[in-house]
Amino acid sequence: MNKSYFSVNNWLVDIPSGSILHLTTGERKRLGEYQLKLLEVFIQNTGIILTREELTNLVWERRVIGSNSLPNAIHALRSALEDDGKQQRIIKTIPKKGYLLEAEYCCSIIKEESEIGENSDTFLPEGSLLAFPEQQIPHSALPEHEDSAELLSAPTKIIEGQVTNLDSASPQVPVQQYRRLFIALVMVILAALIGCGGMWYFLEGRQNRLLIEEQESNVYSNIHIYQISPASSPDRNTEKLHGKLKDTLYQLNQMLKAQSVSMNIYYLSIDQTLNYTFSMENRCDSKQLAMAIYHWRIDVPQLNNLILRETKRKLNEMAICASE
């Protein structure tokens with residue numbers, strides 16, 4: 001059955017599989033749940049400026065999220081679509097207004113639904129029909145493939161509706177080489193961050209240190225709670241978080257104990273914002289999550305539900321250690 005798909009910068013959007021497919025190389029990139037939802041919202045509003053509030057409501061549907069959730073999702077989409085935050089060719093940031101998906105990089109594609117499966121040997125077989133808006137996009141205008149994830153056995157390219165095999169055109173770069181380059185780049189970035197962090201410490205950090213004080217010690221067997229406050233103006237009278245979460249923490253402690261997992265909680269309250277971070281660890285794995293929760297004192301049941309839900313989610317992602 002023929003089905004209409006949407007393409008952004010030569011990447012076909014396959015909503016059912018939660019991934020995007022490159023039209024020339026057949027490369028598949030998987031997107032997270034909210035990244036895919038964000039891309040779908042952009043596609044439905046191509047060429048229209050959407051504010052941060054509109055995007056947050058349409059994608060996260062009134063869920064409590066951190067202040068960096070939307071910028072992080074935008075950054076991930078730009079990387080997946082071969083865009084970046086400096087050029088902003090495809091997803092543009094409109095200062096003081098919002099974000100926009102550039103229409104000139106978008107088109108509609110008519111394909112057989114069975115041809116877009118994850119297990120197909122090649123991405124575009126002979127006889128494929130592409131329906132581009134207004135005019136055909138010449139092959140010379142298509143961006144070249146620069147990243148590698150899952151290379152299919154017979155990559156193809158499209159020239160005026162015909163399919164040409166590229167096996168003999170140029171050798172493919174092994175995936176391992178990309179991984180080595182990626183690891184090297186990460187190490188360079190980490191070294192730069194460490195250097196910048198050390199300089200910041202000597203120039204400013206010593207004047208902006210934070211105090212960490214353990215709260216409710218020896219109450220829970222597998223949970224340790226730490227309150228963070230600025231060293232320059234520590235607030236000893238700050239309302240204790242434990243009083244609002246003690247039932248939830250007791251329930252989590254039982255779950256952690258059953259799975260031999262320990263958890264540290266760090267929180268900093270600034271006005272109406274609660275900066276809440278927890279880390280979990282067992283013998284073979286560790287997980288952590290940081291959240292900024294606004295107006296956390298207003299709805300205590302919702303606060304408990306949020307922390308219980310997110311902690312359970314991370315706990316379920318923990319690897320199960322093999323018995324010695």
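Bear in mind the structure is a predicted one, so any value in this text is a computation, not a measurement.
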Under the criterion side-chain hydrogen bond (donor to acceptor under 3.5 Å, both in side chains), I'd like the reasoning laid out for Gln215 against Gln227: C-alpha separation, chi angles, the key distance, then a yes or no. CA-CA 7 Å; Gln215 305 291 325; Gln227 180 185 9; 3.0 Å; yes
Applying side-chain hydrogen bond (donor to acceptor under 3.5 Å, both in side chains) to Arg78 and Thr93, what does each step give before you reach the verdict? CA-CA 11 Å; Arg78 282 173 172 160; Thr93 300; 2.8 Å; yes
Gln288 and Met280: CA distance, side-chain angles, deciding distance, side chain to side chain contact (heavy atoms under 4.5 Å, CB included) verdict: CA-CA 6 Å; Gln288 68 177 26; Met280 295 185 294; over 6 Å; no
Salt bridge (charged side-chain N to carboxylate O under 4.0 Å, His left out) for Lys314 and Glu310? Distances and angles first, verdict last. CA-CA 6 Å; Lys314 282 297 179 181; Glu310 293 302 314; over 6 Å; no
In sequence, state the C-alpha distance, the side-chain angles, and the governing distance for Asn282 and Ser260, and then conclude on side-chain hydrogen bond (donor to acceptor under 3.5 Å, both in side chains). CA-CA 6 Å; Asn282 60 15; Ser260 300; over 6 Å; no
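Heavy-atom neighbours of Ile320 CD1 from other residues, nucleotides or ligands within 6.0 Å: at or below the threshold of 12. In the displayed structure, Asn218 atom CG is contacted under 6.0 Å by at most 12 heavy atoms of other residues, nucleotides or ligands.
Looking only at side-chain heavy atoms (C-beta outward), Ile15 and Val13 come within less than 4.5 Å of each other.
Among pairs with a residue in residues 42-61, those fulfilling ring pair (Phe, Tyr, Trp, His ring centres under 6.0 Å) read Tyr34-Trp60, at least two apart in sequence or across chains. Applying the ring pair (Phe, Tyr, Trp, His ring centres under 6.0 Å) test to pairs two or more places apart or on separate chains, none has a residue in residues 66-93.
No side-chain donor-acceptor contact under 3.5 Å links Asp14 to the backbone of Ser19. In this structure, the side chain of Asn253 does not engage the main chain of Leu249 through any donor-acceptor pair within 3.5 Å. Looking at Asn304, its side chain does come within 3.5 Å of a backbone N or O of Lys244 through a donor-acceptor pair. The main-chain N or O of Ile90 is found under 3.5 Å from a side-chain atom of Asp83 such that the two form a donor-acceptor pair. Counting only distance, with no hydrogens or angles, the side chain of Asn222 and the backbone of Ser262 share no donor-acceptor pair below 3.5 Å. When atom types are taken as modelled, the side chain of Gln88 and the backbone of Gly85 share a donor-acceptor pair closer than 3.5 angstrom. Judged purely by atom type and a 3.5 angstrom limit, Thr56 uses its side chain to pair as donor or acceptor with the backbone of Arg52. No side-chain donor-acceptor contact under 3.5 Å links Glu40 to the backbone of Lys37.
Note on Val219 and Ile307: same hydrophobic cluster, where clusters join Ile, Leu, Val, Met, Phe, Trp and Tyr whose side-chain heavy atoms are under 4.5 Å apart, directly or indirectly.
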